Amino acid sequence: MKKRSGQSYTDLARKTYLSSSTLHRYCTGKARIPDAAVLTRIARACGATDQEIVELTRAWLADRDPEPTQLADPAAPTEPADPAVRADPEVGAFAPARRSVRRGRALRVAAVALLLAATGPPGGPSEAAPTQWVSGPSWVIAPKPVEPTRFGVTVNSNTGEVPGFRVGSVRFWDSHSRWTQIEPRPGEYDWSATDRLVNSARRAGLPALFVLGGTPAWAAPDAPRMAYPDGSRAAAPDDLRHWERFVGTLAERYRGRIEAYELWPNGNDRRYYAGDTASLVELTRVASRAIRQADPKAVVVCPGMGRLWSDEGRDLLRRFAEAGGYAHCDVAAVKLHQRIASDPPETVLSILDSAYKIMHGAGVHPPIWSTGTTHDLVLEHPLDEARAIDHAVRFFLAGIYGSASGNLQRTYFYAWGNPNLPIVLQAVGGAPTKAALAVEQLQRWLARARVRACGKGAAIRLPANVWQCEFTVPDASGRQQDAVVRWTHAGTASTPAPPGAARLHRLDGVSTPISPGDFLDIGTRPVLITRTPATAGPPS
């Protein structure tokens, strides 16, 4: 198909959002295409007909799964798909390694059916109209401070310990701070764990986000259980006066010491909230009123919204927005995470874009905080150390990338203290991991920095797999100098150093001199390129 199209690899790479070398490996059979969406995108760019795409997909599925009784092990290393498009957003975050013959065949039939539906009816146009080509960064703004608070972590510990590496804010959940744990019986409170959490954050100078949720069984005895062993209920209490009293008492006790309150951990996942949209909006309204009466300066964060890879998750977010839920909050909480932990962190940007458009369609534009992940995270395989470092750092860089176009102000990494997750920053009682130290190094790079633009690929005259954000940062003497952070979502790329380039900084602390025009090998581990103040100018 590539030969038939008469197009060069460079032209096709630009249309398919891949690097020329990656595209060459796919077309020559030296590498397997990892994703049906990438397969379809390449075929479309080559002018394939609907029938050809169906036949191509059948061949691809057969080649991917020669043994129908077994699916690929989710831990097996594969080349990550391009983050711009993912196939079949309904696929869950964790799939068992084995399926029956019937299940394997059903998946293949369903995949072909999805592609038939996506390509349109027979006889339709064989190639979609090309997207308008626009050069330049994804966004450019007047230099804006990179606030330390955007480097947040969720604390999964009730010990009162804080991270042993640099962070900018903390969030309390899975830390013995659910409503049912604080008020096990009506009017009887146990503040011991919450006091430890709040006091330790205050001593460390870390703004705290407290997550409200987990209705006690005594307040909603017939409601479904939440996904925790403490008996928490996944619904509002039968009498909202119990909720209003608890929220008001909490906000009064910690007035001026807790910066913000997230009003439910996950409002559109029935494992956390099984009520209807109207009940969630009312729960939000009542809690917001109680907090603002007790602590007018506190930031009210609407219930977290996750599962945004799915139609159901997006629909519930839309209904909450259209029902006026965001009128009661200062901030929207969205669960921005990869479908599976091994996916490139940049895939969260498509979720952010979807959430922003849903809110825009409902006529609301709150600031957004990324406050968590999927319930299934603990079922996933650990990442190797190198990928853990890359992904932890790029999680926060993706947050900065989405700060202008998606109004994303903060990102809370899940989690700190828990040793049983795909990426561990630090276990309670242990030392920070190399991933945590790399996150700390990123914060050193961007201390007192200002961000002004972010972009990707050919639009900013770089290879298709390269991402870049532009900053001004202070040098050792305090003078401002221009800088860029570059990385790839997969593979490597050779890129020219920007004009005035002076030094290349790596996350391990190594810094080397470079000159303008030098070619730099960029990979999945971000690097910082600084320029001398005298020659600083717009980055290339």
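Predicted model only: the values in this text are computed from it and were never measured.
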Between N465 (side chain) and A490 (backbone), is there a donor-acceptor pair under 3.5 Å? yes

Thinking salt bridges, do R314 and D311 make one under a 4.0 Å N-O criterion? yes

Nearest heavy atoms of V153 and P163, plus distance in Å: CG2-CG, 4.0 Å

With a 4.5 Å limit on heavy-atom distance, are the side chains of W416 and V167 in contact? no

Indicate yes or no: at least one non-hydrogen side-chain atom of W243 is less than 4.5 angstrom from one of L212. yes

Is there a donor-acceptor pair under 3.5 Å between the side chain of W264 and the backbone N or O of M305? no

Are the side chain of R255 and the backbone of A294 linked by a donor-acceptor contact shorter than 3.5 Å? yes

Determine whether H365 and H360 make a side-chain contact, defined as any pair of heavy atoms from C-beta on separated by less than 4.5 Å. yes

Under 3.5 Å donor-acceptor, D190 side chain and Q181 backbone: no

Report yes if the side chains of N268 and L308 come closer than 4.5 Å at any heavy-atom pair, otherwise no. yes

Determine whether a donor-acceptor pair (N or O, by modelled atom type, separation under 3.5 Å) exists between the side chain of S403 and the backbone of I400. yes

salt_bridge(D508, R525) N-O dist < 4.0 Å: no

Pair S200-R196, side-chain donor/acceptor within less than 3.5 Å: no

Got a list of side-chain donor-acceptor pairs under 3.5 Å for residues 439-447, not counting sequence neighbours?
from: E440; atom 1: OE1; to: R444; atom 2: NH2; distance (Å): 3.1
from: E440; atom 1: OE2; to: R166; atom 2: N; distance (Å): 2.9
from: Q443; atom 1: NE2; to: R166; atom 2: O; distance (Å): 2.6
from: Q443; atom 1: NE2; to: V439; atom 2: O; distance (Å): 3.3

Ion pair check, R245 and D239, cut-off under 4.0 Å: no

When you compare the side chains of R171 and T154, does any donor N or O come within less than 3.5 Å of an acceptor on the partner? yes

Looking at residues at least two apart in the chain, or sitting in another chain, which of them share a ring pair (Phe, Tyr, Trp, His ring centres under 6.0 Å) with F246? W179

Expected output: side-chain H391 to main-chain A341 donor-acceptor under 3.5 Å: yes

Output yes when R253 and D195 qualify as a salt bridge under the 4.0 Å nitrogen-oxygen rule, no when they do not. yes

Are side-chain N/O atoms of D390 and T524 paired as donor and acceptor at under 3.5 Å? yes

Qualifying residue for side-chain contact (heavy atoms from CB on, under 4.5 Å) with Y261, from V299, L250, D330, V300: L250

Quick check against the 3.5 Å criterion: does R318 have a side-chain atom that pairs as donor or acceptor with the backbone of A362? no

Just jot down the ring pair (Phe, Tyr, Trp, His ring centres under 6.0 Å) partners of W173, sequence neighbours excluded, or say none. Y228

Less than 4.0 angstrom from a charged side-chain N to a carboxylate O is my criterion; do R410 and E259 meet it? yes

Candidate pair D376 and R271, rule salt bridge (charged side-chain N to carboxylate O under 4.0 Å, His left out), full reasoning: CA-CA 11 Å; D376 300 315; R271 292 169 295 192; 3.4 Å; yes

Could you tell me whether the side chain of K335 and the main chain of P265 form a donor-acceptor pair under 3.5 Å? yes

Would you say H328 and L263 make side-chain contact, with heavy atoms under 4.5 Å? no

Is the closest basic N to carboxylate O distance between E282 and R285 below 4.0 Å? yes

Is the side chain of Q409 donor-acceptor paired with the backbone N or O of P367 at a distance under 3.5 Å, no angle test? no

Rounding to 0.5 Å, atoms OG (S177) and CH2 (W191) come to a distance of 11.0 Å

Counting N and O atoms only, with roles assigned by atom type, does the side chain of E380 sit under 3.5 Å from a partner on the main chain of P422, one being a donor and the other an acceptor? no

Between Y254 and F210, is the gap from one ring center to the other below 6.0 Å? no

